[in-house]
Amino acid sequence: MDQTSLKRLLEEVASGAVSTDEALARLRLRASASLAEGVTLDLDREGRCGQPEVVLGQGKTLEQIRAAVSGLADAGQRALVTRLDPGHGESLLADYPQGLHLPEARLFVLGPSASEIGPPWPESGEAMVISAGAADRAVALEALATARFYGVSAGMASDVGVSGLHRLLPHAKALTEARLHIVVAGMEGALPSVVAGLFGKPVIAVPTSVGYGTGLGGLSAVLAMLNSCAAGVAVVNVDNGFGAGAMAAKIIGEAR
C-alpha cells in the first residue's frame, strides 16, 4: 500500500467511515511485493497466512533464486528454498555460508534458525516423520526440515515400512507421545493406514513416486492412502514433503 492510500485509509478510520477491524483486514491484504529477475516476492504472506513465502527452486534459474533469497534476507525474513538442483544449493551456500544446504532433501535454509533445523535428526518430537523405506527418505527429510523451519519440534523414524512392521516397535514411545504423524511411503502406500490404526494420531500421508511399473509414479500409493480404512488420514500430493511439513506446522500451531 502506497503512502497516499495509507493516508486515505487512516483518515477514513479517524472519521469513523472505516472500522479498525476493516482497516486491519485491508492492511493484511496489501500488495507490498518486491520485483527482481522476474520474481515477485510476497513479503506480507506471513502476516496473512502465518507462514512466510517459500521459494520453489525447481524451474528457476540460479539468478532468480538468488534474487528471491536476497530479497527475503534484505526484508529481514527467513528463506526456505525447495526442490533445488545440487549445484544451485552449493552456490547459495557459497553466497550465504551461515545458511544450511540439505542436498538429499533438496533444500536451502537461511535465517536465525538455520543451524537448528538439522542434522543430526531427532528421534522424537511433537510431529514424527515416518519413512516407509530408505528410498522414501529424501521426501521424508523435506517434510522434516520444513516442519522444523516452521518451528515444530519434529523427529524421524526411517525405513520402518510394512515389509517389516516390527521395525516400528523401537519407536513406539516417540510415536505415542507425538501429536501427529507424517507418514511417507511409496510402493503400495499401506503404512499410513497401519500407523493411524496403531497410534490413533492425525496422519498426514505423503505418497512417493517410488515403486515398480504398476505403481504408476505414485498413483497407486495415492489411491491406497485415499482409500484408507483407518480414520484421521489426510493425503497430500505425490512427493510433496514440503506440503506435509507446512500442514503439520499449521495444525500444531493452531492447537497451541
Side-chain angles (χ1 to χ4, degrees), residues 42 45-57 72 76-84 98-132 136-160 168 171-185 191-192 195-196 198-208 225 232-237 239-256:
D42 183 2
R45 187 171 302 177
E46 186 165 14
R48 295 194 318 274
C49 305
Q51 294 178 339
E53 178 169 21
V54 169
V55 180
L56 175 66
L72 291 170
Q77 297 190 16
R78 297 172 296 156
L80 173 65
V81 186
T82 67
R83 298 302 169 97
L84 267 174
Q98 72 276 31
L100 175 68
H101 179 213
L102 300 171
E104 189 175 2
R106 299 169 64 187
L107 298 175
F108 179 80
V109 182
L110 182 65
S113 62
S115 61
E116 302 172 4
I117 289 175
W121 307 112
E123 295 183 359
S124 62
E126 292 176 289
M128 279 295 291
V129 179
I130 307 163
S131 169
D136 303 307
R137 179 178 165 87
V139 176
L141 287 177
E142 182 182 53
L144 177 66
T146 298
R148 292 175 65 79
F149 173 78
Y150 285 130
V152 174
S153 165
M156 185 171 180
S158 184
D159 199 17
V160 292
L168 273 174
H171 305 282
K173 184 176 185 295
L175 296 176
T176 300
E177 293 175 350
R179 300 174 70 173
L180 64 79
H181 300 144
I182 298 172
V183 185
V184 183
L191 188 60
V195 171
L198 282 176
F199 300 100
K201 303 298 176 73
V203 169
I204 302 172
V206 187
T208 74
M225 293 173 183
V233 177
V235 187
V236 299
N237 209 342
D239 293 336
N240 190 10
F242 163 75
M247 177 57 73
K250 282 185 176 288
I251 292 172
I252 289 177
E254 288 295 324
R256 286 174 181 158

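The chain is numbered in sequence order, starting from 1.
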_Approximate separation, where rounding is to 0.5 Å, of Met156 CE and Ser131 OG_ = 5.0 Å
_Value rounded to 0.5 Å, distance of CG in Leu175 from NZ in Lys201_ = 8.5 Å
*What closest approach, in Å, do Met247 and Ile204 show between heavy atoms, and which atom pair accounts for it?*
CG-CD1, 3.8 Å
*asked:* When you compare the side chain of Leu110 with that of Arg78, does any pair of heavy atoms fall below 4.5 Å?
replied: no
_Please find the pair of heavy atoms, one from Ala205 and one from Val233, that lie closest to each other, and give the distance._
CB-CG1, 3.9 Å
*Does any non-hydrogen side-chain atom of Leu100 lie less than 4.5 Å from one of Phe108?*
no
_Distance (rounded to the nearest 0.5 Å) between Phe199 CZ and Met128 CE_ = 9.0 Å
*Exam field: side chain Glu53 to backbone Asp42, donor-acceptor pair closer than 3.5 Å*: yes
*Are the side chains of Thr82 and Val55 in touch, meaning some heavy atoms are under 4.5 Å apart?*
no
*Supply the atom-to-atom distance Phe149 CZ to Leu144 CG, rounded to the nearest 0.5 angstrom.*
14.0 Å
*Can you name the nearest heavy-atom pair linking Ala248 to Leu180, along with the distance?*
CB-CD1, 3.8 Å
*Do you know which of Val203, Leu198, Leu191, Val129 makes side-chain contact (heavy atoms from CB on, under 4.5 Å) with His181?*
Val203
*Heavy-atom distance under 4.5 Å between the side chains of Tyr150 and Val54, does that happen here?*
yes
_Sequence-distant partners of Asp239, side-chain hydrogen bond (donor to acceptor under 3.5 Å, both in side chains), two or more places apart_ = Ser209
_Atom pair OG1/CG of Thr146 and Leu80 - distance to nearest 0.5 Å_ = 5.5 Å
*Work out which heavy atom in Glu142 is nearest to a heavy atom in Gly241; give both atom names and the distance.*
OE1-N, 3.0 Å
_Any donor-acceptor N/O pair, Glu123 side chain to His171 backbone, under 3.5 Å_ = no
*So which pairs with a foot in residues 103-116 pass salt bridge (Lys or Arg N to Asp or Glu O under 4.0 Å), sequence neighbours left out?*
Glu104-Arg137
*So, for Val236 and Gly243, which heavy atoms are closest and what is the spacing to 0.1 Å?*
CG1-C, 4.5 Å
*Do Ile130 and Ile182 come within less than 4.5 Å of each other through their side chains, counting heavy atoms only?*
no
*How many angstroms lie between atom CG of Leu102 and atom CG of Leu107, to the nearest 0.5 angstrom?*
5.5 Å
